[in-house]
Amino acid sequence: LMSLILTEIDHALATHDARLGRPVAIYLGERKLTQLTLDAARAPLPQLSTDAGRPLAYRHLELLRDEVNVDGLRVI
């Protein structure tokens, strides 16, 4: 089972301009982070790390919620 949100992240990574540097974080809005949490509760998702059911990182990329101050972070 592949989450639609992870599919969207994978697509963003595939189209990311490597000249901008390696992505270090994925910026998700509240709705998408909630959906990813629900997806992870239904089935284990590959390369997604969680803490008490809350998604933390995907393929070593930090997952950020929209209220996080992203100044100084490279995000896609």
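Counting begins at 1 with the first residue of the sequence.
Considering CZ of R31 and CG of L33, their distance stands at 11.0 Å, rounded to 0.5 Å. Rounding to the nearest 0.5 angstrom, the gap separating the CD atom in E30 from the CG atom in L28 is 10.0 Å. Note that CZ of R59 and CG of L13 are 7.5 Å apart. Values are rounded to the nearest 0.5 Å. Taking CD of E8 as the start and CG of D10 as the end, the distance is 10.5 Å to the nearest 0.5 Å.
In the hydrophobic clustering of ILVMFWY residues, with side-chain heavy atoms under 4.5 Å counting as a link, L38 and L48 come out apart.
Legend: residues meeting side chain to side chain contact (heavy atoms under 4.5 Å, CB included) with L56, ordered by chain and number and at least two apart, are S49, D51.
With a 4.5 Å cut-off on side-chain heavy atoms, T50 and L45 do not count as touching. Residues Q35 and L4 form no side-chain contact, since every pair of their non-hydrogen atoms from C-beta on lies 4.5 Å or further apart.
Of all the heavy atoms in P55 and L63, the pair that sits closest is CB-CD1, 3.6 Å. Taking all atoms of both residues into account, the shortest heavy-atom contact from L61 to P23 is CD2-O, 2.9 Å. Nearest approach of L6 to P46, heavy atoms of both residues: CD1-O, 4.5 Å.
A donor-acceptor contact shorter than 3.5 Å is absent between the side chain of H60 and the backbone of Q47.
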